[in-house]
K.L.:
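My questions will all concern the structure given below.
Atoms within each ligand, like the ligands themselves, are counted from 1 in listed order.
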Amino acid sequence: MSIRTILTVPDPRLKLASKPVERVDDDVRALMDDMVETMYAADGIGLAAIQIGVPKRVIVMDLSDLRDEPRYFVNPVITPLTEEVRPYSEGCLSVPEIYDEVERPVRVKVNYLDYDGEPREEIAEDLYAVCIQHEMDHLEGVVFIDYLSRLKRDRAVRRVQKLVKTKGEAA
Ligand code: NI
């Protein structure tokens, strides 16, 4: 396993639509292992493969307090189960240190293949619903700041660019 570099906005790769995985094999599992390690190292709760530059429909997540319950989603599909939406202050490892409210349906159905390639279906609510919808957006090339006003989005991108530059100079 290895920690990969996380792309940050405005990297154009974050705008790519990711492709379905044909088979959950050892290569895909190695990718998921790297993604989980990268997510933990960055203290995140979710990561999509495109965030490390791999345009495949793969997501990892860990919403547990002890950060010892990694979850793997291959080719996920979500279906909203309600029209009720709720705002949540979201962040993203590709938009470090920026948080803002996004409204999303509060309950969705998630169909996906797990780490072993087995099909699964779950109902996601609360933080799980927020996180899976946020990560699904990454697979379509959408980042949460795309929901904000142009002014807020531009400001967020500039702040991230400045932050990345400062960190690069410090390294
Ligand atoms: Ni994100």
K.L.:
Taking the side chain from R120 and the backbone from F73, do they hold a donor-acceptor pair closer than 3.5 Å?
P.N.:
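Side chain of R120 to backbone of F73, a donor-acceptor pair under 3.5 Å: no, none is there.
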
K.L.:
Are Y112 and E122 close enough that a side-chain donor and a side-chain acceptor fall under 3.5 Å?
P.N.:
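Yes - a donor-acceptor pair under 3.5 Å links their side chains.
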
K.L.:
So do the side chains of L7 and Q51 get within less than 4.5 Å of each other, counting heavy atoms only?
P.N.:
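Not in contact.
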
K.L.:
Listed by chain and number, what are the ring-ring contact (aromatic ring centres under 6.0 Å, His included) partners of Y115, not counting sequence neighbours?
P.N.:
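For Y115 the ring-ring contact (aromatic ring centres under 6.0 Å, His included) partners, ignoring immediate neighbours, are Y72.
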
K.L.:
Any side-chain to backbone donor/acceptor pair from R13 onto G53? Under 3.5 Å, distance only.
P.N.:
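Side chain of R13 to backbone of G53: no pair is present.
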
K.L.:
Among protein atoms, how many N/O/S atoms lie less than 2.8 Å from the Ni ion (ligand 1)?
P.N.:
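Considering protein N, O and S only, the Ni ion (ligand 1) has 3 within range.
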
K.L.:
Taking I145 as the fixed residue, which of V157, D154, D100 is the one that meets the side-chain contact (heavy atoms from CB on, under 4.5 Å) rule?
P.N.:
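Of the listed residues V157, D154, D100, the side-chain contact (heavy atoms from CB on, under 4.5 Å) partner of I145 is V157.
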
